[in-house]
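So the structure is just underneath, and the comments pick up after that.
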Amino acid sequence: MVPSEPITLRDLYLARARIGPWIRRTPLVASPSLSAPGRARVALKLETAQDTGAFKLRGATNFIRARGDMVRARGVVTVSTGNHGRAVAHAARRVGARAVVCMSELVPANKREAIEALGAEIRIVGRCQDDAEAEAQRLVREEHLALVHPFDDPLVIAGQGTVGIEILEDQPEVDTVIVALSGGGLISGIALALKAANPRARVVAVTMEQGAAMYESVRAGRPVEVEETPSLADSLGGGIGFDNRYTFELVRALVDDYVLVTEAEIARAMRHLYRNERVIAEGGGAVSVAAVLAEKVSGLSGNVVCVVSGGNVDMTTFTRIVAGAGR
Ligand SMILES: *Cc1c(COP(=O)(O)O)cnc(C)c1O
C-alpha cells in the first residue's frame, strides 16, 4: 500500500473553506453549571445545533464537495443508518448526487424513513449489518459508487477538524477539549487543530464502558473487536476496522487521556444538559459532559470545552431519561 500523506492543518482550512457555506458554524456557550469556581471554566461546543443534528455533516460534506464531479457522476454509498447516513444523504442531495444507503431488514422503520426523507435511496439486503456492508462493497466494485467512510478517510477527518478550528476561534486560550470517541474521526480532526495551535493543550477521549473499540485497540496496540451491548450512546457503537488506515494512529499519537462512562452517567449528563442548559443531546453526544459530571477527568482546570456531538435521540428514550430513568 502506498503510504498516505499526513493530514495537516492546511487540509483542515481547505475543508473549512469548502464546507463553510453548507454547514452551520455552531455556538460555543459557557456552562456555569459545569464550571468549578476558580478552577475549571467549562464551555459547550453545540454540534446539536448542526444541520442533520450532528457534526457528521462536516466530514460528509467535505468528502462529497471535494470529490464533486466524481460524486455527481457516480453517486455515493454508505451503510450507516445513523448520524453518518443522514449526513451523507443530506450532503449528496445538496450537490444533486445519488446516495444509496444499504441496510439489513432488521433496521427499524423510523430510521429507514428518516434517511428516505433526506432523499436517499434505501437498499435492504439480508438480515445483518455484514450483508449490508457486502452490498455496499459490491456497489463500489461493480457500479463504481464512492463509499463515504464514517471516520477513516482524510477528507472526513479534515471536515470534522473544522470543529477544532471553530473552538480555537471562539476560545483561543482553550486548555482541554473533551470529545466523544468511536471510530476516531472527530477527535483526530479536533486534536490536529488543537495541537497545531498549542502542543500542550490536552485532548480527552470519552466512550461508553461497553464496546469501547478504539480504547481497547489502543491498549492492545492493534485494532481489536469488542463485544457490543445496547447503550444510550448507540452512535458510538461499531468497530474501528482491522484495516484501519488513519484514525488508529492519529488517536494513538494525539489523545492524551481516555475516560469510560457508565449508562447511568450518560443518562445523568443528558438530564443535566436538558435541565440546566436546555440542550437536547443524544447519549453519544452527552458523554463528554458525563465525564465531567462524574469527575472522571483528572486535573481538570483552566478553559475546558466539552464537545456535545449530536442531538438525534428518539423522543421515547429522551422523555424517559429526562423524567429521571437510568439514574
Ligand atoms: C459518530 C459520532 C461520534 C463519534 O465520532 P467518531 O468520529 O466515530 O469518533 C460521536 N458523537 C456522535 C453524536 C456521533 O454521531
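Only this structure's heavy atoms are used, side chains among them; waters, hydrogens and symmetry mates stay out. We count ligands from 1, going down the list as the structure has it; atoms in each ligand are counted the same way.
Of all atoms in ligand 1, listed by their number and element, those nearer than 4.0 Å to a heavy atom of N83 are 13 (C), 14 (C), 15 (O). Near G310, meaning under 4.0 Å from any of its heavy atoms, are these atoms of ligand 1: 13 (C). Short contacts between ligand 1 and A180, defined as distances under 4.0 Å to a heavy atom of the residue, involve ligand atoms 10 (C). Applying the 4.0 Å criterion to heavy atoms of G185 picks out, from ligand 1, the atoms 6 (P), 7 (O), 9 (O).
The existence of a salt bridge linking D152 and R245 is excluded, since no basic side-chain nitrogen approaches an acidic carboxylate oxygen closer than 4.0 Å. Using a cut-off of 4.0 Å between Lys/Arg side-chain N and Asp/Glu carboxylate O, R41 and E173 are scored as not salt-bridged.
Judged by distance alone, with hydrogens and angles left aside, the side-chain atoms of D256 form a donor-acceptor pair with the main-chain N or O of V203 at under 3.5 Å.
F55 CZ, 3.4 Å is the protein heavy atom nearest to atom 5 (O) of ligand 1. For atom 1 (C) of ligand 1, the nearest protein heavy atom (residue, atom name, distance) is K56 NZ, 1.3 Å. In terms of protein heavy-atom proximity, atom 6 (P) of ligand 1 is closest to G184 N, 3.5 Å. For atom 11 (N) of ligand 1, the closest non-hydrogen atom of the protein is S309 OG, 2.6 Å. Here the protein heavy atom with the shortest distance to atom 8 (O) of ligand 1 is G183 N, 2.9 Å. For atom 10 (C) of ligand 1, the closest heavy atom belonging to the protein is L236 CD2, 3.2 Å.
Counting non-hydrogen atoms of other residues, nucleotides and ligands closer than 6.0 Å to CD of E225 gives a total of 12 or fewer. No more than 12 heavy atoms of other residues, nucleotides or ligands shown are found within 6.0 angstrom of CZ on R39. Heavy atoms of other residues, nucleotides or ligands lying less than 6.0 angstrom from CZ of R219 number 12 at most.
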Derivation of the side-chain contact (heavy atoms from CB on, under 4.5 Å) call for D131 and E105
CA-CA 10 Å; D131 294 338; E105 288 167 13; over 6 Å; no
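At a 3.5 angstrom cut-off on N or O pairs, L181 does not count as close to ligand 1. On a distance-only criterion, P150 and ligand 1 share no N/O pair closer than 3.5 Å.
No hydrogens or angles considered: nothing links the side chains of Q129 and S104 as a donor-acceptor pair under 3.5 Å.
Counting heavy atoms closer than 4.0 Å to ligand 1, residue E282 contributes side-chain atoms (C-beta onward) but none from N, CA, C or O.
Residue-ligand proximity: I187 is placed with every non-hydrogen atom at 4.0 Å or more from ligand 1.
In this structure, the ring of H272 has its center no less than 6.0 angstrom from the ring center of Y274.
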